[in-house]
Participant: 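Before I ask anything, here is the structure I am working with.
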Amino acid sequence: MTDPFAGGGTPAFSNAPSLPPDHPLLRDLNPEQLAAVTLPPVHALVLAGAGSGKTRVLTTRIAWLLATGQATPGGILAVTFTNKAAREMLTRLSALLPLNVRGMWIGTFHGLCHRLLRAHHQLAGLPATFQILDTQDQLSAIKRLLKALNIDEERVKPKELQWFIAGAKEDGLRPHHLPARNDLERLQVELYQAYEAQCQREGVVDFGELMLRSYELLRDHEPLRVHYQRRFRHLLIDEFQDTNRLQYAWIKQLAGHEVDGRFVPCGNAVMAVGDDDQSIYAFRGARVGNMRDFVREFGIAEPIKLERNYRSVGHILHAANHLIDHNRQRLGKNLRTEQGEGERLRVVELPSDHEEAQWVVDEIRQLTRNDGIPPHEIAVLYRSNAQSRAIEGALFNAGIPYRVYGGLRFFERAEIKHALAYLRLLENPHDDTSFLRVVNFPPRGIGARTIEQLQQAARDAGCSLHDAVTAIGGRGGAALGAFVARLDVMRERSVGRPLREIIEGVLADSGLLEHYRAEREGAERIENLQELVNAAESFVSQEGFGRDAVALPLDETGTPAPAAGATAGGVEAETGETLSPLAAFLTHAALEAGDHQAQAGQAAVQLMTVHAAKGLEFDAVFITGLEEGLFPHDNSLSSVDGLEEERRLMYVAITRARRRLYLTHAQTRLLHGQTRYHIPSRFLDELPAESLQWLSPPRARASGGFGGFGGWGGAAAGVPQPAWGRSGLTDERPAGLAGVPLAAPPARSAPAVSASGAEIRTGMAVFHTKFGEGTVLAIEGQGADARAQVDFRRHGTKWLALAVAKLTPVS
DNA sequence: TATCATTAACTTTTT
DNA sequence: GTTAATGATA
């Protein structure tokens, strides 16, 4: 393999942008992939179907540009949505080429914007120590604002205002751009403005601001814009269908300029890669329309379509194609495979959500035992998080390890946020959000009244809470003074220290450790805090620090610009004052909230929403809850766009599966505390019959009215058991029992009384909602104090108070 | 100040 | 039905 970088950082330039077709980089690419990879430096749209090797094309494209000398590492900007995608791109790229990825601008939109803002913070009107507000912080900042302006939270809901502000920023709109046609709008705009002023005063930026501010930076400073336009000869955008208005506008700043309202691209090359059929984030501002606009404004003659799928068998792709064909607004694309038809999709109807869960679990057992599919290659997907509960319960009782995606992530945990707040105050004492978070945590006698006074004083003086402390007298003032003094001590002690010691020092000096040690359930929190120290340690030792931190502005050849005052393309390039390790780590924490907690180890069944499954693939996939109202969701049915997005969501779900796909739905489901009756999802009707295998007889479905209710309109108990046909399946279960739970379900309809020890006897088989089945080994105590020792099959021996534990006798 | 009780929401979510 | 967040009470 040729090594364009042999002998150091200066790449060898070759004028021949071609490599032999059998070059290792290009080997095994299909014609369309090859076309995309070796495209001359022009603007291009790559329509990359699910499983069509999108990431491979993207990374190979970059490698090809570098290997042929058409680009230098410093001349490439590649942008993704998630840190995970950015990491993967970097990893795969460095596997393709011996490469110093440090100088490369590969990252998330927000990561790159942050990099720009750090490098040019003065031009952008930000303090050098600006901090990033995550969504939680933003909400508390908004609540604080409303309180300060004496606005009733009933009148303006904080969440709604947050949504309003974030939405405006996603569209690139500042308060003065917004209409104020009525009182409510006027108020919202005023509050938006006040919020901005507050953020500016405190030196914090939220996620939307990160984007908007760097967009404006480029827009309003021509020399700077031209500099970056000349520098980044190649822009590559991943998941283009998920970009919002502002992100597209941001890209355009780097790729051209407006003349009389018309966009004129400059000389660099933008490659947008995406799939309009997988656009599922309209609700957070994504705008599929950007794809059409891109074609128009960048003069794309013909998109390159990657339609060969390397993931799924034929029936799965037929189903996906057939379903998505029901959408009107499409660029048009059909997936194909050379893998053969494979198995048909298995469709199952169950009487209730409970039985659906049990059926899925039984089937998972078979998949792992008989078909040799490892648990982590099995995914159970659902439309909304609430649905995981039933499935989790069934898996838990069956003793099958599972992992649920979603929930709090590492840097979002309360104790971590507390620790980070102290750290942020070391960097920037005017960060009022952080100040309020910890001013009385751990409790140090600073009550609500004192804080009110402090806030009033800060408002009057137009300064930060930190600076207003001296204005407060009395006992509260003394306590506040002590707090600030403590912060000052921590700051002094941290000077010149390695990050690890800074954090350890703060954990001790803030009293956080002590506080959690005294708390009953503080052990886990202390572990997490320890983990924070570890995270910092590995952050420092990894190159992540260098990468996330300020990049030295590079000139066109990718060589770091000489220090201070140097001009690059006519721009006074600020030398990146290298970020302190602490500042870099805080950024890292804000921009990358960390992994969703992995409950079980490797061999775990994967549970997640369909949204969370995007980009992943599994041997076997269950799509559950395929019912009208749930999937498609009720809230999306009011508009055609909404329904089409739901359909794309279904498309994403289907295309996750490699070999086997199950589609399940339940007749009744416990929702919002009551049993609801659902008819099967319309999406089932939109699948090709020849690719389906009904494991329960397909029922005549309602076509507009309630006609479909006839068969099972009664109470849950009266639902007729379908005659289960399991022809052609591996089946060790008796045919008639497939849908029946193994253990008697915890009786919901006829609550068993287990509060008194009377019915529970030694030796008895019992059922516990959490621990499943077990045998009573011993009983002691009387009445309310009665306890039983139970040996649970899956979870060992436990003592349970009968007054509390719900134990049901099993016959 | 801490704990308990009551109440509203509740689709999807990354940065 | 469950949770998260607020308000009331000891």
Side-chain angles (χ1 to χ4, degrees), chain A residues 79-86 107-114 132-140 143 153-154 157-160 163 166 169-170 205-212 214 238-239 242-244 246-247 279-286 353 381-390 393 405-409 411-412 414 440-449 519-520 548 587-596 608-615 625 629-638 642 645-646 648-650 652-653 669-676 748 769:
Chain A
V79 60
T80 62
F81 273 88
T82 64
N83 292 297
K84 196 177 155 206
T108 63
F109 274 104
H110 294 85
L112 298 183
C113 285
H114 170 258
I132 300 169
L133 290 188
D134 68 14
T135 317
Q136 282 178 37
D137 298 335
Q138 188 190 25
L139 187 62
S140 58
K143 284 183 180 166
E153 291 197 0
E154 287 301 308
K157 299 245 166 59
K159 278 249 172 66
E160 278 170 24
W163 190 82
K169 289 187 181 183
E170 276 158 11
V205 295
D206 60 42
F207 288 134
E209 188 69 22
L210 230 34
M211 275 303 319
L212 184 50
S214 70
D238 191 20
E239 306 279 21
D242 288 339
T243 51
N244 60 36
L246 177 58
Q247 284 158 340
S279 159
I280 55 174
Y281 286 110
F283 70 91
R284 67 174 198 218
D353 51 347
L381 307 185
Y382 33 81
R383 176 66 239 268
S384 65
N385 285 306
Q387 289 166 253
S388 76
R389 193 170 299 280
Y405 283 74
L408 269 197
R409 298 186 299 175
F411 286 113
E412 293 166 350
N440 195 34
F441 192 94
R444 45 176 72 91
I446 298 173
R449 211 175 48 249
E519 208 176 55
R520 271 170 300 168
D548 278 357
T587 296
H588 169 77
L591 249 28
E592 184 161 5
D595 279 336
H596 282 291
M608 64 191 85
T609 63
V610 181
H611 281 93
K614 190 175 166 215
L630 247 190
F631 198 2
H633 197 275
D634 266 333
N635 298 3
S636 65
L637 293 178
S638 52
E645 176 141 321
E646 292 287 301
R648 292 193 291 269
L649 201 50
M650 180 67 183
V652 167
R669 185 174 293 276
L670 207 54
L671 220 58
H672 302 163
Q674 47 189 336
T675 304
R676 300 265 298 262
R748 195 186 292 127
T769 45

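We name chains A, B, ... by the order of the sequence lines, and we start the count at 1 in each one.
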Participant: Whole-Å distance between B:dT13 P and A:Leu408 CG?
Facilitator: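 Nearest whole value for this atom pair: 13 Å.
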
Participant: Rounding to a whole Å, what distance do you find between A:Leu670:CG and C:dT3:P?
Facilitator: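 Whole-Å distance recorded here is 13 Å.
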
Participant: Quick one: label A:Asn83 by what it contacts on the DNA or RNA (base, sugar-phosphate, nothing), any heavy atom closer than 4.0 Å.
Facilitator: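 Sugar-phosphate contact only - A:Asn83 comes under 4.0 Å of backbone atoms but never of a base.
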
Participant: Please give, in whole Å, the distance from B:dT15 C1' to A:His588 NE2?
Facilitator: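 Distance, rounded to whole Å: 13 Å.
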
Participant: Examine the side chains of A:Gln138 and A:Thr135 and answer whether a donor and an acceptor come within less than 3.5 Å of each other.
Facilitator: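 There is no such pair between these side chains.
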
Participant: According to a strict under-4.0 Å criterion, is A:Asn244 in side-chain N/O contact with OP1 or OP2 of B:dT15?
Facilitator: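 Answer is no, no contact under 4.0 Å.
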
Participant: Using every non-hydrogen atom in the two residues, find where A:Gly107 and A:Ala86 come nearest and quote the distance to one decimal.
Facilitator: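 Where A:Gly107 meets A:Ala86 most closely, the heavy atoms are CA-CB, 3.8 Å.
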
Participant: Using atom P in both nucleotides, what's the gap between B:dT12 and C:dA5 to the nearest angstrom?
Facilitator: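 Taking atom P in both B:dT12 and C:dA5, they lie 16 Å apart.
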
Participant: Would A:Lys614 and A:Asp242 count as a salt bridge (charged side-chain N to carboxylate O under 4.0 Å, His left out) if you check the C-alpha gap in whole Å, the side-chain angles of each, and the deciding distance to 0.1 Å?
Facilitator: CA-CA 12 Å; A:Lys614 190 175 166 215; A:Asp242 288 339; 2.7 Å; yes

Participant: Using 30° and 60° as the class boundaries, would you call the ring planes of A:His611 and A:Phe283 parallel, tilted or perpendicular?
Facilitator: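 Rings of A:His611 and A:Phe283: perpendicular, over 60°.
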
Participant: Looking at A:Arg449, does any N or O in its side chain come under 4.0 Å of the phosphate oxygens OP1/OP2 on B:dT1?
Facilitator: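 No, because none of the side-chain N or O atoms of A:Arg449 sits under 4.0 Å from OP1 or OP2 of B:dT1.
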
Participant: Assess whether side chain to side chain contact (heavy atoms under 4.5 Å, CB included) is satisfied between A:Phe631 and A:Val610, documenting all intermediate values.
Facilitator: CA-CA 10 Å; A:Phe631 198 2; A:Val610 181; 4.0 Å; yes

Participant: Rounded to the nearest angstrom, tell me the gap between atom CE in A:Met608 and atom C1' in B:dT13.
Facilitator: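 Rounded to whole Å, this separation is 15 Å.
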
Participant: Can you tell me if A:Asn440 uses its side chain to pair, donor with acceptor, with the backbone of A:Ile446 under 3.5 Å?
Facilitator: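 Checking the backbone N and O of A:Ile446 against the side chain of A:Asn440, a donor-acceptor pair under 3.5 Å is found.
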
Participant: Any base atoms under 4.0 Å from A:Gly447, or only sugar-phosphate, or nothing? Heavy atoms, all strands.
Facilitator: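 Answer is sugar-phosphate: A:Gly447 comes under 4.0 Å of backbone atoms only.
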
Participant: Given atom CG of A:Leu246 and atom C1' of B:dT14, what is their separation to the nearest angstrom?
Facilitator: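 Interatomic distance, CG of A:Leu246 to C1' of B:dT14: 15 Å.
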
Participant: Has the side chain of A:Thr135 got a donor or acceptor that lies under 3.5 Å from a partner of the other kind on the base of B:dT13?
Facilitator: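 Flag unset: no donor-acceptor pair detected.
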
Participant: What is the distance, to the nearest angstrom, from the NZ atom on A:Lys614 to the P atom on B:dT13?
Facilitator: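 My rounded result for the distance is 12 Å.
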
Participant: For A:Pro443 and for A:Asp134, find the nucleotide of DNA chain B with the closest heavy atom, then tell me which residue's nucleotide is more 5'.
Facilitator: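 The answer here is A:Pro443.
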
Participant: Sugar-phosphate atoms are those with a prime plus P, OP1 and OP2; base atoms are the rest. Using that split, label each nucleotide of nucleotides 3-12 of chain B B, S or - for protein heavy atoms under 4.0 Å, 5' to 3'.
Facilitator: --------BB

Participant: If the test is side chain to side chain contact (heavy atoms under 4.5 Å, CB included), which one of A:Asp206, A:Leu246, A:Val205 qualifies with A:Leu212?
Facilitator: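 It is A:Leu246, the one option of A:Asp206, A:Leu246, A:Val205 that forms the side chain to side chain contact (heavy atoms under 4.5 Å, CB included) with A:Leu212.
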
Participant: Figure out the CZ/C1' separation between A:Phe109 and B:dT13, and round it to whole Å.
Facilitator: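 Checked: the CZ to C1' distance equals 16 Å.
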
Participant: For the pair made of CD in A:Gln136 and C1' in B:dT14, what is the distance, rounded to whole Å?
Facilitator: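 After rounding, the gap between these two atoms is 14 Å.
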
Participant: Using OP1 and OP2 only, check whether a side-chain N or O of A:Lys143 sits under 4.0 Å from C:dT6.
Facilitator: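 Checking C:dT6 against A:Lys143, a side-chain N or O does come within under 4.0 Å of OP1 or OP2.
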
